[in-house]
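What you see below is based on every heavy atom in this structure, not just the backbone, and it leaves out hydrogens, waters and symmetry mates.
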Amino acid sequence: MKKLLDKAQHFLFLALFGFIFVVVFIGTPITISGITSRPVNNSVPKLTPIPLPLAILLSLLIYAISVLVLWLLYKGYDKFLRNRQKISQKRVNLIFIISLLILFIGQLIVIFGFDYVAVTDSHVVDVCARNFARDGNMANLYRGLPEKRLQYFATYPNNWGILLIVSYIFRGIHLVLGYVPKEAPAVIAAISVQISVVFTYLSARRIFQNKIQPIFCLFLTLLTPVFAMYSTVLYTDTLSMPFTMASFYLFIRAVQSKKFSKFILWLIPSSIVMAIGYTVKGSVLVMLVAFAIYAFLRLGWKQLISMVLIGALSVVSVNFCLEKAILSLEVTTKENLELEEFPKEHWMMMALYGQGGFYGEDYKFTHSIEGYEAKKEANIRVIKERLSDFGVSGFIVHEIKKINYTWNDGRYFSYNHYRDSSSTNGLVHFFQRNFAFIAFTQIVHIITLALMFLSCLGGFQKKRVTKMALVRLIVFGIALFLLIWETRSRYLINYIPLMIIMAADGMNHLWGLVQKSKDKKQRAKEVEKLKEPVVLENQS
């Protein structure tokens, strides 16, 4: 039974990520045709969209450069692999430290080079956390915000976790400095990214148990601009990254423990960190499901039962404590929650409109209805209507649009966060408008997706439940989740480190395929030589 399920999961990984890659490949011209038309702010007019024929030509150029860059990455990987005996662990550690420093420099450039202004939800969290930092209480939580935001945390309990974490960090800063500097959110976001990179490297070392693939993870991290671009943005995407990767690393340590007692000792902090991460960003809960499935397929019944019980208990306990803290701090009341809270069906309803992203009219619709249950019933009614209007073929087309919207963006929606930044800032213009930079982000993204597909191909051919199968399972889980939930490309950010680990595995599989092809050609040449007639010299 387990073997059958294992084969099925590898087939599903290969099918879904193959389909995602095809959708991105075909959809890139459409994305490129409007990719530079977004304004930096309202004072800057939109650029004229690129005509589709020209966008197709530019996409072909991007594909060609992607192949070239992938070939260069392969040659570098091959060189490192052939000289792996000469590379000491001390040198690998030095490469790791240098990589962190390079990333840190990039983060500093972004932090001090951008005239960043927090927007939408991140703006609300920033204002409210600063109010708490000044007052030491939540009495004037919404001071300085417009009237429509005055019940924000009653409407969106999913942001309670980030509110408390940022508020208490800001409070500590305020007690030391007497104020909260403008750059404080960016520093916290940058530290979150750095912690994520550290746990990505440590996880790669545990998974691959060699020196080369962790180095490749570091190199691909430096090539991925989103790690620097989001360094100023303190919101759920960046703040959940360290929790995601720390929980994953701790679970890997648990899996590798030979004794059950040590398994439990690693599992408990992994579950608690995951539960805290879930309060910051709901998609982190995908990991709990993935851990349980992996435990069922790979580990014993004791580990599986422990995983489910400890994981579920951690999530329930942490969320219970969070709710009690929010109510005791008077952020909101149970009465306000009953009137204002949006049900989960609201995001599933938005997922069925347009490209599956945020839809303002849906927000107005849900907000206009009084009472949680009434909101829920209205949302379910609209969901049924939209599914009925789609039909089977229409729903499939809609999901394809969602996949393209979610996965075909090398900047991961970062341009939206900088829309209110200074229009005179050249660096902002470079990130927002420079087509060469936009193309570069797309090239790195396409290469990452291609290597992820190769990782799934390697897993499908081997059909074994390994720690890499767990990585694929988690990323597969977030891909499925975003098919049914309201989506944006930035919702992938806290899972990009795992995507990079998949890409490293894909590069290793590509290297193996090339070596197998070379060996096959070499054997063919040797066979041909054996078939050549032996010419004897004429002896007289």
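The existence of a salt bridge linking D135 and R171 is excluded, since no basic side-chain nitrogen approaches an acidic carboxylate oxygen closer than 4.0 Å.
Residue R488 holds its CZ atom at 11.0 Å from CD of Q355, rounded to the nearest 0.5 Å. Rounded to the nearest 0.5 angstrom, R253 CZ and L202 CG are separated by 9.0 Å. Note that CZ of F395 and CZ of R386 are 13.0 Å apart. Values are rounded to the nearest 0.5 Å. Rounding to the nearest 0.5 angstrom, the gap separating the CD1 atom in I496 from the CD1 atom in I501 is 13.0 Å. L103 CG to L218 CG: the interatomic distance, rounded to the nearest 0.5 Å, is 10.0 Å. One distance of note links OG1 of T221 with CD1 of I500; it measures 3.5 Å at 0.5 Å rounding.
For the residue pair S59 and T28, no side-chain donor N or O sits within less than 3.5 Å of a side-chain acceptor on the partner. When only modelled atom types and interatomic distance are considered, R472 and S455 share a side-chain donor-acceptor pair under 3.5 Å. In this structure, a donor-acceptor pair under 3.5 Å is absent between the side chains of Q151 and Y142. Y235 and D126 share no donor-acceptor pair across their side chains, judged by distance under 3.5 Å alone. Using a 3.5 Å distance cut-off with no hydrogens or angles, the side chains of Y412 and H445 do pair a donor with an acceptor. Side-chain atoms of Y152 and D121 form a donor-acceptor pair, as typed in the model, at a separation below 3.5 Å. Between Q442 and N408, the side chains place a donor N or O and an acceptor N or O closer than 3.5 Å (distance only, hydrogens not considered).
The closest side-chain heavy-atom distance from P343 to Y372 is below 4.5 Å. Side-chain contact check for Y491 versus T406: every heavy-atom pair is 4.5 Å or farther apart. The side-chain heavy atoms of L498 and T200, taken from C-beta on, include no pair separated by under 4.5 Å. In this structure, M241 and S192 have side chains that are not in contact, with every pair of non-hydrogen atoms separated by 4.5 Å or more.
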* To do: Given ring-ring contact (aromatic ring centres under 6.0 Å, His included), test Y353 with H398 step by step and report yes or no.
  => CA-CA 8 Å; Y353 182 85; H398 172 72; 8.7 Å; no

* To do: Show the numbers, then the answer: is there a ring-ring contact (aromatic ring centres under 6.0 Å, His included) between F170 and F132?
  => CA-CA 8 Å; F170 279 12; F132 176 81; 10.0 Å; no

* Stepwise side chain to side chain contact (heavy atoms under 4.5 Å, CB included) check, F440 with L223 -> CA-CA 9 Å; F440 173 73; L223 281 181; 4.1 Å; yes

* Asked: Passes ring-ring contact (aromatic ring centres under 6.0 Å, His included), Y249 versus F251? Steps please.
  -> CA-CA 5 Å; Y249 170 75; F251 184 74; over 10 Å; no

* Please report the C-alpha distance between L100 and Q194 in whole Å, then the side-chain angles of each, then the deciding distance to 0.1 Å, and finally whether the side chain to side chain contact (heavy atoms under 4.5 Å, CB included) criterion is met. => CA-CA 7 Å; L100 290 181; Q194 287 276 353; 3.2 Å; yes

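For F365 and Y363, the distance between ring centers is not under 6.0 angstrom. Taking the six-membered ring where the residue is Trp, the centroids of F13 and F476 are separated by under 6.0 Å. Ring centroids of Y278 and F243 are separated by 6.0 Å or more, keeping the two rings apart.
Other residues, nucleotides and ligands contribute only 12 or fewer heavy atoms inside 6.0 Å of the CZ atom of F219. Environment of CD in E183: crowded, with over 12 heavy atoms of neighbouring residues, nucleotides or ligands closer than 6.0 Å. For Y156, the OH atom counts as densely surrounded, since its 6.0 Å shell holds more than 12 non-hydrogen atoms of other residues, nucleotides or ligands.
For S122, there are no side chain to side chain donor-acceptor pair (under 3.5 Å) partners two or more places apart in sequence or in a different chain. Partners of T279 under the side chain to side chain donor-acceptor pair (under 3.5 Å) rule, at least two apart in sequence or in another chain, do not exist in this structure.
Across I162 and T236, no two heavy atoms sit closer than the pair CD1-N, 3.6 Å.
Ring planes of W485 and F481: parallel class, angle under 30° (limits at 30 and 60°). Aromatic ring orientation, F453 versus F21: parallel (interplanar angle below 30°, classes split at 30° and 60°).
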